[in-house]
Colleague: 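The structure follows.
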Amino acid sequence: MVTCPVVDNIDHSTTLQISDPFHPLDDWNEVSGTAISPTQVGPSGFPVIFGHNDGPSNLKAFAAWDSGTGKRLKTINLATNDSSIPLFHEDWEDMTIGKCGPETDEDCIYLADTGDNKAQGSGLKTQRSTNRPYTIYKIREPILGNIFDNTVLSVEENVSILQFDYSHATSPTAYANCEAIFADHAGWGNDGAIGDLYLVTKWNVERSKRLNRLFKIPASAWPEGFGKVATYSPYTVGEYANNNNSPGSFYNFTWTGADMALDGTQIALTWTNETHVFRRCPGETVASALAKRELFSCTKYENPPGAANPGNQFESVSFSPDGTRMFNLAESLDPPKIVHVDLDYTTSRNQNFDECPAFVIPTRGPTPQPTDRPTPRPTPQPTKRPTPQPSPEPTGEPTVLTSMQPSLHASFHPSFASLSPTVDPTSEPSIMQPTSEPTTMQPTTEEPTATELEVDPDDPDEFSRDDDGFIETSNSYGGLGNIGIQGGEREEVSSGFGGGPGAEIFLLVALVLLMMTR
């Protein structure tokens with residue numbers, strides 16, 4: 001059964017480290033968007049939290065912190081050498097983490113340059129220029145143990161770009177301010193897919209809150225590959241009743257941050273004073289769970305005093321990978337505080353919510369293997385020169401991180417586990433074992449065939465290369481040292497008599513002695 005969580009404890013004693021030696025003029029004191037890594041944890045054992053500053057700014061970068069201690073771990077910069085690729089920081093407002101697409105296990109950070117303060121009054125004006133439209137950057141999640149601090153990610157290899165507008169017929173205005181986005185981790189519904197993005201618009205004038213909308217960008221809207229740019233006009237989803245909002249509904253608030261739990265059953269929205277959690281039953285669409293005319297959040301809590309300056313709004317909210325904790329952050333508090341909110345799913349806070357109907361998780365086929373983890377290979381059969389294959393080189397062990405797999409909290413989660421990566425961490429890449437003893441070369445009088453090289457027959461150290469590409473040497477002893485050089489490794493292949501000049505001398509001497517005895 002999917003229940004509404006109860007807030008068990010709220011703590012805001014963790015201070016975010018804002019100093020950055022690489023960007024001393026642009027510290028991290030105005031973080032407006034955060035996202036929790038699904039798999040990486042910091043030295044404290046708490047998950048890694050990514051975050052970015054508000055805009056406008058010339059700094060096209062975000063950072064990673066240990067959410068348990070607030071210590072900055074790495075700074076990540078974005079850059080491109082292609083002037084035709086649009087990369088700017090007009091007004092970065094939020095970020096979220098989800099699958100890079102419905103057919104991959106790779107995670108991506110979605111960074112939203114979607115702010116437009118001039119539009120949030122009526123939607124008739126915009127602060128954005130024509131060459132800086134609303135934009136979302138899809139960035140391959142950096143594995144912190146594999147990168148240097150202040151590393152640079154090239155857009156061509158790590159970023160896809162989607163530029164959009166509000167020209168779709170379902171949009172009530174031509175412009176909008178958006179400070180809250182989240183990714184769908186479940187993809188439930190006939191038209192749903194893992195990796196779909198949802199945008200929640202923000203209105204700061206009471207009469208304009210009726211314009212609140214939930215916009216959808218399907219996972220299929222993105223260009224294939226990285227370093228590419230696409231355009232799209234998102235459409236609204238949900239039910240809307242202008243000028244007839246119910247108290248506590250989705251439409252009565254000025255939303256500034258959003259996130260979805262990894263199992264897809266909880267959606268959180270935050271604003272200046274409160275954070276609301278909306279329950280989503282298995283199989284239910286995001287629109288049905290969030291955008292109804294009469295909808296109350298199943299759980300809410302007040303953002304704690306002392307975690308933000310008076311009048312400063314909470315800008316972000318993120319679920320922990322297992323869904324049992326949420327993290328809030330307010331901008332402009334010096335220094336900022338990471339708010340830890342513990343959630344308890346053992347009881348339901350609001351008994352007015354009916355139990356979710358039975359639902360069977362649809363089969364999505366075999367889980368693709370992650371591209372950055374070597375998969376075990378079958379043992380190859382040895383040739384006549386069996387050589388152990390070296391194990392694959394590691395991509396870089398995290399120095400401050402360990403793998404963290406989400407443990408999901410609802411009763412149907414064992415079925416949901418089938419959607420997770422199925423890599424056995426205990427399996428080792430196989431090493432080729434010979435099936436028989438190496439065969440020793442037998443003496444022969446046949447001359448070896450060599451490639452056409454200028455060889456001095458009087459120089460015992462001279463060498464030639466045979467047809468197999470191995471270096472063939474001879475010396476005054478007539479003994480053969482057939483030395484194979486492949487891949488920079490020196491390997492002795494065989495030893496003993498063979499068909500070299502020394503064998504001919506030996507036979508000639510033996511014939512002379514035989515004739516003398518007669």
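Just so you know, these numbers come straight off a predicted model, no measurement behind them.
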Colleague: Can you spot which of R132, K60, R128 makes a salt bridge (charged side-chain N to carboxylate O under 4.0 Å, His left out) with D113?
Modeller: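 In the set R132, K60, R128, the residue that makes a salt bridge (charged side-chain N to carboxylate O under 4.0 Å, His left out) with D113 is R128.
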Colleague: Run the side chain to side chain donor-acceptor pair (under 3.5 Å) test on D20 and W28 for me, step by step, so that the C-alpha distance in whole Å, both residues' side-chain angles and the decisive distance to 0.1 Å come before the verdict.
Modeller: CA-CA 8 Å; D20 189 333; W28 302 100; 3.0 Å; yes
Colleague: Any idea which heavy atoms bring S316 and S32 closest together, and the distance?
Modeller: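 In terms of heavy atoms, the two residues are closest at CB-O, 4.2 Å.
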Colleague: Does the pair T80 and D82 meet the rule for a side chain to side chain donor-acceptor pair (under 3.5 Å), with working shown?
Modeller: CA-CA 5 Å; T80 177; D82 188 345; 5.6 Å; no
Colleague: Is there a donor-acceptor contact under 3.5 Å from the side chain of S67 to the main chain of P47?
Modeller: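 Yes, the answer is positive, given that a donor and an acceptor are paired below the 3.5 Å cut-off.
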Colleague: Assess the residue pair Y134 and Y166 against the criterion (ring-ring contact (aromatic ring centres under 6.0 Å, His included)); give the C-alpha distance rounded to whole Å, side-chain angles, the decisive distance to 0.1 Å, and a yes or no.
Modeller: CA-CA 9 Å; Y134 306 116; Y166 292 97; 5.1 Å; yes
Colleague: Taking all heavy atoms of S37 and all of E141, pick out the closest pair and write down the distance.
Modeller: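 Closest pair (atom of S37, atom of E141, distance): OG-OE2, 2.6 Å.
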Colleague: Treating Q40 as the side-chain partner and P142 as the backbone partner, does any N or O pair qualify as donor plus acceptor under 3.5 Å?
Modeller: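 Yes, Q40 side chain to P142 backbone: donor-acceptor pair under 3.5 Å.
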Colleague: Counting distance only, does the side-chain N/O of S208 pair as donor-acceptor with the main-chain N or O of G121 below 3.5 Å?
Modeller: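 Side chain of S208 to backbone of G121, a donor-acceptor pair under 3.5 Å: yes, one is there.
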Colleague: Do the side chains of E156 and I85 get nearer than 4.5 Å, heavy atoms only?
Modeller: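 Heavy-atom side-chain distance check passes, below 4.5 Å.
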Colleague: Do side-chain atoms of K138 reach the backbone of C100 as a donor and acceptor pair under 3.5 angstrom?
Modeller: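 Yes; at least one donor-acceptor contact below 3.5 Å.
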Colleague: Using a strict cut-off of less than 4.0 Å between a Lys/Arg side-chain nitrogen and an Asp/Glu carboxylate oxygen, indicate whether D149 and R72 qualify as a salt bridge.
Modeller: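 The answer is yes: the pair qualifies as a salt bridge.
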Colleague: Less than 4.5 Å apart, any side-chain heavy atom of K337 and any of P304?
Modeller: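 In short, these two side chains do not touch, never coming nearer than 4.5 Å.
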Colleague: Do V286 and L214 have side chains that approach each other closer than 4.5 Å (heavy atoms only, starting at C-beta)?
Modeller: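 A side-chain contact under 4.5 Å exists here.
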Colleague: Under 4.0 Å between a Lys/Arg side-chain N and an Asp/Glu carboxylate O for D191 and K216?
Modeller: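 Yes, this pair counts.
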Colleague: So with a 6.0 Å cut-off around CG of N58, is the heavy-atom count from everything else above 12?
Modeller: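 No, because the 6.0 Å sphere around CG of N58 holds 12 heavy atoms or fewer from other groups.
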Colleague: Could you tell me which non-hydrogen atom of V48 sits nearest to which non-hydrogen atom of G42, and how far apart they are?
Modeller: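 Heavy atoms of V48 and G42 come nearest at CG2-N, 3.9 Å.
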Colleague: Fit a plane to each ring of Y235 and H168, take the angle between them on a 0 to 90° scale, and name the class: parallel (under 30°), tilted (30 to 60°) or perpendicular (over 60°).
Modeller: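 Rings of Y235 and H168: tilted, 30 to 60°.
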Colleague: Just so I know, are the side chains of M326 and Y301 near enough to count as touching, which here means a heavy-atom distance under 4.5 Å?
Modeller: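 Yes, close enough: below the 4.5 Å cut-off.
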Colleague: Does L211 form a side chain to side chain contact (heavy atoms under 4.5 Å, CB included) with T173? I'd like the steps, not just the answer.
Modeller: CA-CA 8 Å; L211 300 174; T173 59; 3.9 Å; yes
Colleague: Could you check I217 against L199 for side chain to side chain contact (heavy atoms under 4.5 Å, CB included), going step by step and ending with a plain yes or no?
Modeller: CA-CA 8 Å; I217 297 178; L199 287 67; 3.7 Å; yes
Colleague: To the nearest 0.5 Å, how far apart are OG1 in T270 and CG in D259?
Modeller: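 It comes to 11.5 Å.
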Colleague: Just wondering, are more than 12 heavy atoms of other shown residues or ligands nearer than 6.0 Å to CZ in F164?
Modeller: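 Buried by this count: over 12 neighbours within 6.0 Å.
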Colleague: Would S233 and D165 satisfy side chain to side chain contact (heavy atoms under 4.5 Å, CB included), going step by step from the backbone distance to the final call?
Modeller: CA-CA 5 Å; S233 297; D165 57 30; 2.6 Å; yes
Colleague: Measure the shortest side-chain to side-chain distance between W92 and L59 over non-hydrogen atoms and say whether it is less than 4.5 angstrom.
Modeller: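 Counting from C-beta outward, W92 and L59 never come under 4.5 Å.
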Colleague: Look at the aromatic rings of F182 and Y198 and report parallel, tilted or perpendicular, splitting at 30° and 60°.
Modeller: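 Ring orientation, 0 to 90° scale: parallel.
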Colleague: Mind checking the CE-NE2 spacing from M95 to H52? Nearest 0.5 Å is all I need.
Modeller: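 Answer for the CE-NE2 pair, M95 versus H52, is 5.5 Å.
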Colleague: Is the side chain of S160 donor-acceptor paired with the backbone N or O of G225 at a distance under 3.5 Å, no angle test?
Modeller: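 Yes.
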Colleague: Any non-hydrogen side-chain atom of T299 less than 4.5 Å from a side-chain atom of H276?
Modeller: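 Not touching, per the 4.5 Å side-chain cut-off.
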Colleague: Which one of Q127, K125, E90 satisfies the side-chain contact (heavy atoms from CB on, under 4.5 Å) criterion with D116?
Modeller: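 With D116 as partner, Q127, K125, E90 yield a single side-chain contact (heavy atoms from CB on, under 4.5 Å), made by Q127.
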Colleague: Rounded to the nearest 0.5 Å, how far apart are OH of Y110 and SG of C108?
Modeller: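 SG of C108 is found 5.5 Å from OH of Y110.
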Colleague: Under 3.5 Å, side chain of T285 to main-chain N/O of S288, donor-acceptor pair present?
Modeller: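 Pair found, side chain donor or acceptor close to backbone of S288.
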Colleague: Answer yes or no: is there a donor N or O on one side and an acceptor on the other, between the side chain of D196 and the main chain of A193, under 3.5 Å?
Modeller: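 Such a contact is found between D196 side chain and A193 backbone.
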Colleague: Roughly how far apart are T96 OG1 and D184 CG, rounded to 0.5 Å?
Modeller: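 Rounded to the nearest 0.5 Å, the OG1-CG separation comes to 10.5 Å.
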Colleague: Is the shortest heavy-atom distance from the side chain of C356 to the side chain of P282 under 4.5 Å?
Modeller: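 Yes, at least one pair of side-chain atoms sits under 4.5 Å.
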Colleague: List the steps and the verdict of side chain to side chain donor-acceptor pair (under 3.5 Å) for T114 and D94.
Modeller: CA-CA 8 Å; T114 54; D94 201 10; over 6 Å; no
Colleague: Rounded at 0.5 Å granularity, tell me how far CG in L78 sits from CZ in F88.
Modeller: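 Going from CG on L78 over to CZ on F88, the span is 12.5 Å.
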Colleague: If you measure only the distance, is there a donor-acceptor pair under 3.5 Å linking the side chains of T275 and N303?
Modeller: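 Note: T275 and N303 side chains meet the donor-acceptor criterion.
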Colleague: Is a side-chain N or O of E315 found less than 3.5 angstrom from the main chain of N328, in a donor-acceptor match?
Modeller: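 Judged by distance alone, no pair lies under 3.5 Å.
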Colleague: Crowded around E157 CD? As in, over 12 foreign heavy atoms under 6.0 Å?
Modeller: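 Counting neighbours around CD of E157, 12 or fewer heavy atoms of other residues, nucleotides or ligands fall under 6.0 Å, so no.
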Colleague: Nearest 0.5 Å, please: how far is NZ in K71 from CG in L16?
Modeller: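 L16 CG to K71 NZ: 12.0 Å, rounded to 0.5 Å.
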Colleague: Give a yes or no on this: more than 12 heavy atoms of other residues, nucleotides or ligands lie within 6.0 Å of atom CG of N131.
Modeller: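 Result for CG/N131: enclosed.
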Colleague: Could you tell me which non-hydrogen atom of P172 sits nearest to which non-hydrogen atom of F215, and how far apart they are?
Modeller: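 Where P172 meets F215 most closely, the heavy atoms are CD-CZ, 4.4 Å.
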Colleague: Stepwise, does the side chain to side chain donor-acceptor pair (under 3.5 Å) test hold for H23 with N77?
Modeller: CA-CA 11 Å; H23 302 288; N77 302 273; 3.2 Å; yes
Colleague: Report the residues that fulfil side chain to side chain contact (heavy atoms under 4.5 Å, CB included) with N158, sequence neighbours left out, ordered by chain and then residue number.
Modeller: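 Counting only residues at least two positions away or on another chain, N158 forms a side chain to side chain contact (heavy atoms under 4.5 Å, CB included) with R140, L153, S154.
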Colleague: What are the two closest non-hydrogen atoms of F327 and I36, and how far apart are they?
Modeller: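 Heavy-atom minimum between the residues: CD1-CD1, 3.8 Å.
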Colleague: Mind listing the closest non-hydrogen atom pair of A258 and L269 along with its distance?
Modeller: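 Shortest heavy-atom separation between A258 and L269 comes out as CB-CD2, 3.3 Å.
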Colleague: Between T231 and Q163, is there a donor-acceptor pair closer than 3.5 Å when you use the side chain of the first and the backbone of the second?
Modeller: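 A pair under 3.5 Å: no.
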Colleague: As a quick check of understanding, evaluate side chain to side chain contact (heavy atoms under 4.5 Å, CB included) for I161 and T135, giving each step before the final call.
Modeller: CA-CA 7 Å; I161 300 174; T135 302; 3.6 Å; yes
Colleague: Check whether any side-chain N or O of N53 sits under 3.5 Å from a backbone N or O of D27 as a donor-acceptor pair, and report yes or no.
Modeller: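 Yes, N53 side chain to D27 backbone: donor-acceptor pair under 3.5 Å.
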Colleague: Are any of the side-chain heavy atoms of F50 and K74 separated by less than 4.5 Å?
Modeller: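 In short, these two side chains do not touch, never coming nearer than 4.5 Å.
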